[in-house]
Amino acid sequence: MEIGIYVDDEAKERGESEQTIYREGQKHSYIAEKVIGHGSFGVVYKAYESYTREAVAIKKVFFDERYKNRECEIMKELEHPNIIEYKKSFVIDGGTKEDVYLNIVMEYFPEDLKRVMDYYRNQGEKVPLFMTKVFMYQILRALAYLHGKGICHRDIKPSNLLIDPTRNIIKLCDFGSAKKIVPGEENISYITSRHYRAPELILGARYYSHEIDIWSAGVLLVELINGEAPFKGENGVDQLIEIIRVLGTPNRLQLIKMNPDFIEFKFPQVLPISWSYFFEKKVPEDALDLISNLLMYIPSHRMKPIEALMHPFFDELRASTLYSDPLNRVPNLFDFFKEEIELSSVQIIEQLVPTWYRNEELERMQKNKKAICTPSRDYEDELDKMVRDHKKKSKRSKAQTTRRRGSQYELDDQEVYARFYDTKT
Ligand SMILES: Nc1ncnc2c1ncn2[C@@H]1O[C@H](COP(=O)(O)OP(=O)(O)OP(=O)(O)O)[C@@H](O)[C@H]1O
């Protein structure tokens with residue numbers, strides 16, 4: 001089934017219309033292979049581009065021309081190894097007001113965390129602790145980046161975390177609930193899937209912030225370790241009761257911090273239980289510590305994503321030996337963008353990016369520099385490619401690449417420092 005024909009920028013420049021492209025053999029259309037998701041807002045297809053044969057995912061949602069589609073606008077802004085890549089979008093107008101759809105084209109990822117957890121559950125097993133670390137680390141990285149941009153995802157849950165199992169890469173998708181949070185501006189509180197919903201949302205808070213995503217991440221961590229979400233209420237109030245069963249009854253201060261407008265309500269008086277009693281099996285101390293720092297009633301007390309990344313729970317992922325064996329299938333966890341670490345001190349960055357990785361990066365940069373010191377025609381193309389790649393990277397790090405007269409390029413010696421240290425202390 002053909003989903004739609006789009007006119008790409010080059011075709012537009014050539015003055016081609018959708019019709020001419022269509023007549024030219026549907027060069028630029030997307031062919032749907034199957035439906036891969038039925039969400040509350042639309043349908044998601046696995047499709048491929050008829051010309052390049054590239055596999056993509058296309059999310060089709062109703063479109064109202066009077067408004068910008070927030071999901072699409074947010075996705076356009078994002079570029080991160082742990083966030084699904086936006087490719088383009090196009091509108092298909094069926095002729096009537098009710099028949100106008102926006103198609104958001106994204107990179108396709110074959111698995112999601114829900115299916116991975118179901119797989120282990122069906123085998124009567126839990127996701128291995130090492131994999132839990134690899135996944136959680138990347139989820140927290142995505143959150144650090146998003147929150148650094150002021151964006152709150154508001155629907156963190158296993159089915160919105162897509163996985164490439166060949167490299168254990170995890171990417172956040174579904175920005176249909178995401179929003180730029182502006183302090184002092186109201187937000188709706190009926191948001192986030194129930195089992196992952198932060199207590200302040202259940203209490204009806206409207207001036208919440210990014211910490212609601214941290215709560216969901218904490219729930220995910222428990223679910224990965226235990227095989228089941230920790231709080232599984234059957235409705236909003238029941239959800240809060242489930243939380244209270246573990247964290248105890250919130251005191252007055254905690255209630256005010258979650259929602260200052262909260263109207264008095266009688267809660268059952270329950271004492272908190274320690275997370276170590278919550279799990280059936282013995283769980284490492286560092287995991288318990290991280291969980292209790294993420295799942296806190298007072299939103300501002302929850303660990304920030306960047307702090308969570310530094311937690312000893314993830315120390316194992318910083319060992320160089322892990323990366324020398326490809327069978328470990330660990331993706332690069334240290335290629336931080338400026339937005340992720342902008343507000344972090346040098347000490348934090350030094351802890352997040354291990355010395356061995358920094359040294360390797362330095363070495364690599366030095367090698368590149370040496371290679372381009374004596375330019376010859378032979379590797380002109382190579383140089384161009386290198387500079388193009390480098391520019392792409394520095395678009396993220398905003399480090400400087402200088403082009404000299406002739407064919408000589410010089411990479412700024414300080415680039416690697418700029419990438420890691422050009423931050424506020
Ligand atoms: N880029 C993608 N690659 C592969 N699968 C995807 C992709 N994007 C979405 N999906 C699948 O489609 C499902 C629904 O997508 P999405 O969550 O964006 O839609 P939704 O309408 O907001 O759904 P929901 O109401 O469940 O939140 C996802 O859970 C995922 O399984």
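Just so you know, ligand 1 is whichever comes first in the structure, and atom 1 is the first atom listed for that ligand. Being a predicted model, the structure only gives us computed values, none of them experimental.
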Region of E107 engaging ligand 1 - heavy atom pairs below 4.0 Å: backbone
Distance-only donor-acceptor check, side chains N187 and K179, under 3.5 Å: yes
N332 side chain to Y357 side chain, donor-acceptor N/O pair below 3.5 angstrom: yes
With heavy atoms only and a cut-off of under 4.0 Å, state how D112 meets ligand 1: side chain, backbone, both or neither. side chain
For ligand 1, which atoms have a heavy atom of Y108 less than 4.0 angstrom away? 3 (N), 4 (C)
So between V44, L161, N160, whose heavy atom ends up nearest atom 9 (C) of ligand 1? V44
Closer than 4.0 angstrom, basic N to acidic O: yes or no for E54 and K87? yes
If you scan protein heavy atoms around atom 17 (O) of ligand 1, the nearest is D174 OD2, 2.8 Å
Mark up the atoms of ligand 1 that fall under 4.0 Å of a heavy atom belonging to A57, in ascending order. 1 (N), 2 (C), 3 (N), 7 (C)
Closest protein heavy atom to atom 25 (O) of ligand 1, given as residue, atom name and distance to 0.1 Å: S40 OG, 2.6 Å
Just checking, R197 and Y190: is the charged tip under 6.0 Å from the six-membered ring centre and within 45° of the axis? yes
Can you tell me which residue and heavy atom of the protein come closest to atom 11 (C) of ligand 1, and the distance to 0.1 Å? I36 O, 4.1 Å
If you measure from OG1 on T166 to CZ on R329, what distance do you get to the nearest 0.5 Å? 7.5 Å
Only residue of R302, H153, H147 satisfying side-chain hydrogen bond (donor to acceptor under 3.5 Å, both in side chains) with D213 is H147
Of all protein heavy atoms, the one nearest atom 26 (O) of ligand 1 is K157 NZ, 3.5 Å
Any chance the side chains of Y86 and E77 put a donor and an acceptor closer than 3.5 Å? no
Would R364 and E360 pass as an ion pair if we require N to O under 4.0 Å? no
Looking only at non-hydrogen atoms, which of S177, G37, S159 approaches atom 30 (C) of ligand 1 most closely? S159
Starting from atom 18 (O) of ligand 1, find the nearest protein heavy-atom neighbour and note its residue, name and distance. K59 NZ, 2.8 Å
Gap between atom CG of L201 and atom CZ of R194 - 0.5 Å precision: 13.5 Å
Closest protein heavy atom to atom 23 (O) of ligand 1, given as residue, atom name and distance to 0.1 Å: G39 CA, 3.2 Å
Should the pair K133 and F314 be classed as cation-pi, given the thresholds of under 6.0 Å to the six-membered ring centre and 45° from the axis? no
Record the part of D155 in heavy-atom contact with ligand 1 below 4.0 Å; permitted values are side chain, backbone, both and neither. side chain
shortest atom 7 (C) of ligand 1-to-protein heavy-atom contact is with L162 CD1, 3.4 Å
for atom 4 (C) of ligand 1, nearest protein heavy atom and its distance come out as F109 O, 2.9 Å
